[in-house]
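The figures here come from the full heavy-atom set of this structure, side chains too, leaving out hydrogens, waters and symmetry mates.
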Amino acid sequence: MRAAGCDRIFEEHGPGPARMLPVLSRLLGDLVADDVLVVVRLDRLARSATDLVTVIEDLQRRGVHFRSIGDPIDTSAPRGMFALQVLGAVAQLEKALTAERTKAGIQAAKARGKLAGNPGLRERRPEAIEAVSKAREKIYIDKLIASSQTWLPLVRQMRPQHSWDNVVWVLNRRGQDWTVERLRRAVHRMVRKTLAEQELLVRSPRRGPEDHLMTLVAAIAIADPHLSLRDIGTQLEQMGERPAKGGKKWQPSLVRALMDDAQRLGLLPR
């Protein structure tokens with residue numbers, strides 16, 4: 001890593017691959033535009049081609065480059081981008097093959113005269129219902145863990161200073177699809193499994209109407225860290241937001257003042 005030019009090196013000391021990687025999760029949340037994330041091998045970042053592509057695409061949206069020392073991927077170079085496109089195709093193939101195998105298994109079962117579904121569930125047996133409930137919970141948790149590197153770092157960055165609405169707004173601006181109810185349930189599950197910190201569930205501070213512009217500016221800056229003060233002002237104008245002191249145009253100095261307030265209150269990192 002030193003030979004590759006890395007200034008800061010992070011080492012994971014957590015449990016096995018079936019669990020969360022807290023050091024990696026926090027690192028992904030701390031990265032900003034123009035940073036370069038370097039890993040020794042691709043399996044240090046994700047456990048499947050689908051997860052890998054999802055994480056790297058999220059980094060790209062934030063202006064963060066990615067490089068794997070042991071693999072031909074460097075998103076700051078054309079060849080690395082081509083390799084990423086190939087990985088994206090592999091991820092799509094992975095999904096398609098899984099769907100095909102599932103469909104073929106169902107058709108084969110029907111050809112043998114078997115009814116689709118769980119016999120125990122059809123007969124409403126309590127032990128079958130409990131087993132299915134546990135299996136569904138495990139699938140849900142596994143999916144959360146697999147995808148957590150694309151959303152949990154941001155939750156850790158914003159909670160509890162920001163409201164759940166703000167966190168969801170930023171996540172969806174980064175191309176994800178969350179509702180407040182789904183995100184809160186996901187974080188509750190991760191906390192219950194000790195895969196996330198209890199403090200994420202602490203109630204966010206009550207803020208008055210006068211703080212609306214400050215929290216909105218903070219959310220825009222977190223969603224797109226590469227935006228200039230003028231860019232943020234343009235977005236505010238497009239959203240129909242007007243400066244508190246009147247007028248229609250947002251000057252960079254007004255945006256800067258709101259960002260300074262947001263940093264002072266912990267809504268933005270300094």
Side-chain angles (χ1 to χ4, degrees), residues 19-33 51 54-55 57-59 61-64 136-227 231-232 235-236 238-241 244 255 258-270:
R19 301 280 288 177
M20 272 288 299
L21 302 176
V23 175
L24 175 60
S25 180
R26 288 187 177 86
L27 169 60
L28 291 173
D30 291 340
L31 292 169
V32 297
D51 295 342
T54 301
V55 173
E57 286 179 346
D58 179 66
L59 294 176
R61 280 192 291 269
R62 295 159 53 191
V64 178
R136 286 175 177 170
E137 176 71 7
K138 183 180 184 304
I139 291 172
Y140 176 62
I141 294 296
D142 287 346
K143 285 183 177 179
L144 287 182
I145 293 174
S147 67
S148 62
Q149 292 174 8
T150 65
W151 57 269
L152 188 55
L154 184 89
V155 174
R156 283 181 166 136
Q157 179 184 349
M158 296 185 69
R159 290 289 302 163
Q161 291 84 4
H162 285 266
S163 67
W164 289 107
D165 293 279
N166 274 9
V167 179
V168 167
W169 186 84
V170 174
L171 284 170
N172 291 345
R173 290 266 296 197
R174 291 185 175 183
Q176 301 194 36
D177 182 22
W178 287 96
T179 65
V180 170
E181 181 181 352
R182 286 178 50 233
L183 182 62
R184 290 183 66 176
R185 183 174 62 145
V187 175
H188 270 277
R189 287 292 202 288
M190 297 293 277
V191 170
R192 189 183 304 170
K193 295 291 183 179
T194 67
L195 300 175
E197 299 78 15
Q198 182 72 36
E199 66 185 32
L200 300 180
L201 301 177
V202 173
R203 185 186 296 274
S204 59
R206 289 185 176 275
R207 304 195 187 278
E210 67 278 5
D211 292 331
H212 166 70
L213 290 174
M214 177 188 64
T215 55
L216 181 56
V217 166
I220 293 174
I222 292 172
D224 299 294
H226 64 283
L227 292 180
D231 291 335
I232 295 175
Q235 291 210 10
L236 289 169
Q238 292 172 348
M239 296 168 70
E241 299 289 348
V255 177
L258 289 172
M259 291 184 70
D260 288 342
D261 289 341
Q263 288 177 334
R264 178 172 52 81
L265 295 177
L267 292 168
L268 270 177
R270 293 186 179 276

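- Taking CG of L200 as the reference point, atom CZ of R156 lies at 6.5 Å (rounded to 0.5 Å).
- Put simply, the side chain of W151 reaches to within 4.5 Å of the side chain of L183, judged on heavy atoms.
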Verdict with reasoning, L195 to R189, per side chain to side chain contact (heavy atoms under 4.5 Å, CB included): CA-CA 8 Å; L195 300 175; R189 287 292 202 288; over 6 Å; no
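- At least one side-chain heavy atom of D224 sits under 4.5 Å from a side-chain heavy atom of R173.
- With contacts defined as side-chain heavy-atom distances shorter than 4.5 Å, the pair Q157/P269 qualifies.
- Residues D142 and K138 are paired through a salt bridge, judged by an N-O separation under 4.0 Å between the basic side chain and the carboxylate.
- Of the possible donor and acceptor atoms, none in the side chain of R159 sits under 3.5 Å from a partner among the backbone N and O of L154.
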From CA spacing to verdict: side chain to side chain contact (heavy atoms under 4.5 Å, CB included), E197, V191: CA-CA 6 Å; E197 299 78 15; V191 170; over 6 Å; no
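- Across A186 and L144, no two heavy atoms sit closer than the pair CB-CD2, 3.6 Å.
- Nearest heavy atom pair, residue S148 against residue P153, reads O-CD, 3.2 Å.
- In this structure, the side chain of Q176 engages the main chain of T150 through a donor-acceptor pair within 3.5 Å.
- Rounded to the nearest 0.5 Å, atoms CG (D58) and OG (S147) are 11.5 Å apart.
- M190 has its side chain out of reach of K193: every pair of non-hydrogen atoms, C-beta onward, lies at least 4.5 Å apart.
- Atom CH2 in W164 sits 5.5 Å away from atom CG in L201 (nearest 0.5 Å).
- For H162 (side chain) and L267 (main-chain N/O), a donor-acceptor pair under 3.5 Å exists by modelled atom type.
- In this structure, the side chain of R62 engages the main chain of L31 through a donor-acceptor pair within 3.5 Å.
- Taking the side chain as every heavy atom from C-beta outward, L59 and L28 approach each other to under 4.5 Å.
- Distance check: M214 CE to L268 CG gives 9.5 Å after rounding to the nearest 0.5 Å.
- The shortest distance between side-chain heavy atoms of V217 and I220 does not fall below 4.5 Å.
- In this structure, A33 and P225 approach most closely via the heavy-atom pair N-CB, 4.5 Å.
- For R61 (side chain) and R174 (main-chain N/O), a donor-acceptor pair under 3.5 Å exists by modelled atom type.
- Not one N or O on the side chain of D165 forms a donor-acceptor pair closer than 3.5 Å with the backbone of V180.
- Looking at heavy atoms from C-beta onward, L265 lies out of side-chain contact with D261 at the 4.5 angstrom threshold.
- Looking at H212 and E241, their side chains do bring a donor and an acceptor atom within 3.5 Å of each other.
- Taking the side chain as every heavy atom from C-beta outward, E181 and R185 never approach each other to under 4.5 Å.
- Taken to the nearest 0.5 Å, the OG atom of S204 stands 10.5 Å off from the CE atom of M158.
- Taken from CG in N172 to OG1 in T179, the straight-line distance is 8.5 Å, to the nearest 0.5 Å.
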